[in-house]
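One structure below.
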Amino acid sequence: MYAARQAGENSASFFLSGRHMPWWLLGMSMVATTFSTDTPNLVTDIVRKNGVAGNWVWWAFLLTGMLTVFLYAKLWRRSGVLTDIEFYELRYSGKTAAFLRGFRALYLGVFFNIMIMATVSLAAIKIGGIMLGLQPWESIVYASAVTVCFSTLGGLTGVLLTDFFLFFIALIGAAAAAYFAVQHPDIGSLSTLFSHPNVVDKLSLLPQLQYAADGSVTSDSMNLLISVLIMPIAVQWWSVWYPGAEPGGGGYLAQRMLAAKNERHATGAVLFFNAAHYALRPWPWILVALCSMIVFPDLESLQREFPGVDASIINDDLAYPAMLKEVLPHGWLGLVLASLAAAYMSTISTHLNWGSSYVVNDFYKRFVKPDASEKQLVFVGRVSTVMMMVLAGLLALQLSNALQAFQILLQIGAGTGLIFILRWFWWRINAISELVAMAVSFVVAISFQLGQFGLESWQELLIGVAVTTVAWVATTFVTQPTDVEVLKSFCLKINPGGPGWRPVYDRLAAENLVPADDPVHLPTAILCMVLGTAAVYGTLFASGLWMYGQTTNAFILTCVAVVSTGILIRLWTRKNGI
């Protein structure tokens with residue numbers, strides 16, 4: 001209510017809070033957004049199926065995140081666009097760029113966004129069913145109604161302010177859930193948990209190879225190694241577009257960067273987010289997942305414990321809300337339930353505001369009614385917010401588990417990530433390159449979903465990346481480049497630097513045109529990316545090893561984290577935020 005009047009003034013206030021937000025508030029909002037209701041369910045599903053090491057399927061995205069921190073955050077803030085989709089007509093030219101902007105606005109802002117919100121709402125369905133005995137439609141109606149109310153009123157400012165409080169509530173709830181899970185009568189301590197036969201082979205931080213009687217590596221363990229470690233580290237992080245971990249930045253992270261006071265605040269916000277997202281939060285969820293393997297060792301035990309829950313949604317991801325119901329005492333149960341509601345609200349409110357910004361700025365204002373008043377744009381934003389929530393709720397009723405949706409989204413975005421990284425640093429990429437990448441990745445993903453090819457998920461991902469990358473690179477070389485005046489304007493405004501823009505910078509020099517800002521220093525940015533990654537991974541893995549009692553390895557990784565952080569701070573300060 002406090003933010004409603006200011007948010008209603010114009011679209012920049014509704015979607016970007018007037019571009020004067022501090023790094024700490026934006027960073028906390030990013031963390032709260034990814035602290036979604038479905039995330040602990042997804043982590044539980046992963047751990048129960050593939051062990052702690054299975055989390056590499058999302059831990060690998062830290063590489064993307066750190067690249068955004070030290071390279072792309074500054075570039076996004078310099079662009080001055082209202083949404084990252086508006087970037088297309090800043091970087092590309094002609095009707096193709098306009099079409100790409102409009103299509104992408106609906107593709108991401110509506111289709112993709114609704115898919116994501118549906119997976120989050122699926123978690124709300126499971127939590128409502130387990131903890132409150134609600135029917136699926138009841139969980140959707142109650143959870144979405146409250147969120148839609150404050151999302152439509154306060155705009156991004158309302159989202160940021162509520163996220164600030166929801167961040168702490170969700171963090172406390174996750175920690176409490178882990179503490180009481182370990183205190184379960186069948187467990188009682190961390191040492192008992194880690195030595196239990198149901199858990200002991202799930203603890204490794206790296207996938208372990210299994211050997212057959214003849215000494216050969218089993219196909220199942222090799223497939224697991226490739227799918228959860230090799231593919232994510234070698235291919236997935238740079239090639240796959242996934243919301244919250246977009247190569248080159250983008251999505252609601254770009255929205256937060258664009259809302260920052262300046263480039264330093266944009267960089268600080270994304271750095272805080274990546275540190276908290278990967279180093280601070282995973283272990284409470286992992287501990288609950290490991291405990292669930294003792295309390296509910298299989299799906300039959302879940303079904304017996306909760307006979308009233310629809311059998312179609314009984315899956316490993318249901319074990320997280322089941323553990324909350326099982327281990328939490330009254331009072332704490334209410335607080336943790338409130339934390340899950342907080343996680344749901346923060347995620348959905350961000351996606352609603354982000355998605356409606358595409359609909360309003362990049363479709364309605366650009367193509368439907370260019371002369372619309374600011375009041376009309378805010379009204380359309382509020383209407384589209386409600387409509388997207390309704391569609392997401394309906395889709396959520398058709399899904400069965402979070403990991404299924406996660407894999408579908410990864411496959412749809414396979415192969416498009418590299419173009420989002422390189423378009424800032426290679427002048428030759430054009431709008432048709434992006435259209436081809438998007439179309440080919442979608443067709444390949446649908447083909448794998450509809451066909452019965454008998455391939456592993458990592459094989460489908462690798463094929464999707466290869467086919468899509470070859471298609472858009474070939475298209476780049478056989479189509480006309482972006483208009484040279486647009487390229488010159490882009491370099492003057494953004495000044496990305498690098499050898500990929502040499503022909504354009506030569507033209508600018510010949511015309512005595514000089515960009516206002518200094519170029520990004522690529523070697524230093526990449527070095528900082530490596531140091532930041534080492535610091536976060538060191539903290540994440542050292543935390544686990546200290547709990548495991550492996551003190552020598554834990555001490556080594558702690559030293560790696562401390563030294564990397566020290567060097568990073570010194571280098572970052574000297575280079576004025578890179």
Side-chain angles (χ1 to χ4, degrees), residues 36-55 57 119 122-136 139 173-204 224 228 282-330 332-337 339-340 343 399-406 544 547:
S36 56
T37 315
D38 66 316
T39 309
N41 290 22
L42 173 63
V43 171
T44 301
D45 199 350
I46 290 171
V47 171
R48 287 172 65 92
K49 285 183 170 67
N50 298 324
V52 175
N55 287 285
V57 297
T119 64
L122 172 64
I125 289 174
K126 297 191 176 189
I127 291 168
I130 290 291
M131 301 184 73
L132 298 173
L134 297 177
Q135 294 297 315
S139 297
Y179 172 80
F180 285 109
V182 173
Q183 298 304 311
H184 188 276
D186 293 341
I187 304 170
S189 68
L190 287 176
S191 59
T192 302
L193 170 65
F194 297 144
S195 61
H196 196 281
N198 289 8
V199 171
V200 70
D201 63 342
K202 299 288 187 179
L203 297 177
S204 176
L224 182 64
V228 305
W283 280 107
W285 297 331
I286 292 171
L287 289 175
V288 174
L290 293 172
C291 291
S292 76
M293 299 176 68
I294 299 173
V295 181
F296 301 106
D298 50 37
L299 298 184
E300 288 73 19
S301 61
L302 285 170
Q303 182 70 71
R304 288 195 303 269
E305 184 69 21
F306 303 100
V309 175
D310 188 346
S312 65
I313 64 171
I314 296 289
N315 208 297
D316 282 312
D317 60 344
L318 193 71
Y320 189 82
M323 283 296 296
L324 302 184
K325 182 75 170 179
E326 174 72 18
V327 305
L328 291 172
H330 294 299
W332 276 106
L333 180 62
L335 181 62
V336 173
L337 181 59
S339 77
L340 295 173
L399 298 176
S400 60
N401 75 70
L403 186 58
Q404 167 197 19
F406 177 80
M547 288 188 291

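The analysis underlying the following values was restricted to heavy atoms, covering all of them including side chains, and did not include hydrogens, waters or symmetry mates.
- The shortest heavy-atom contact between Val47 and Met293 is O-SD, 4.2 Å.
- A donor atom on one side chain and an acceptor atom on the other are not found under 3.5 Å apart for Thr44 and Asn41.
- Looking at every heavy atom in both residues, Ile46 comes nearest to Val57 through CD1-CG2, 3.8 Å.
- The heavy-atom pair separating Trp283 from Gly544 by the smallest distance is CZ2-CA, 3.2 Å.
- Between the CG atom of Leu328 and the CG atom of Leu335 there is a distance of 9.0 Å, given to the nearest 0.5 Å.
- Of the possible polar contacts, one joining the Arg48 side chain to the Ser292 backbone as a donor-acceptor pair under 3.5 Å is found.
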Q: Go through the steps for Val43 and Val288 under the test side chain to side chain contact (heavy atoms under 4.5 Å, CB included), then give the verdict.
A: CA-CA 10 Å; Val43 171; Val288 174; over 6 Å; no
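- The shortest non-hydrogen separation linking Val295 to Ile187 is CG2-CD1, 4.5 Å.
- Between Ser191 and Ser189 the shortest heavy-atom distance is OG-OG, 3.1 Å.
- Here Leu333 contributes atom CG and Leu324 contributes atom CG; the two are 7.5 Å apart, rounded to the nearest 0.5 Å.
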**Q.** Working for side chain to side chain contact (heavy atoms under 4.5 Å, CB included), residues Trp332 and Tyr179
**A.** CA-CA 11 Å; Trp332 276 106; Tyr179 172 80; over 6 Å; no
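- With a 6.0 Å radius and a threshold of 12 heavy atoms from other residues, nucleotides or ligands, Phe194 has its CZ atom above the threshold.
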Q: Could you walk me through whether Cys291 and Met323 pass the side chain to side chain contact (heavy atoms under 4.5 Å, CB included) test, one step at a time?
A: CA-CA 8 Å; Cys291 291; Met323 283 296 296; 3.7 Å; yes
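- If you take CG on Leu337 and NZ on Lys325, they are separated by 9.5 Å, rounding to the nearest 0.5 Å.
- Of all heavy-atom pairs between Ala174 and Pro284, the closest is O-CB, 3.6 Å.
- Contact annotation: the side chain of Val228 never approaches that of Lys49 to less than 4.5 Å [non-hydrogen atoms, C-beta and beyond].
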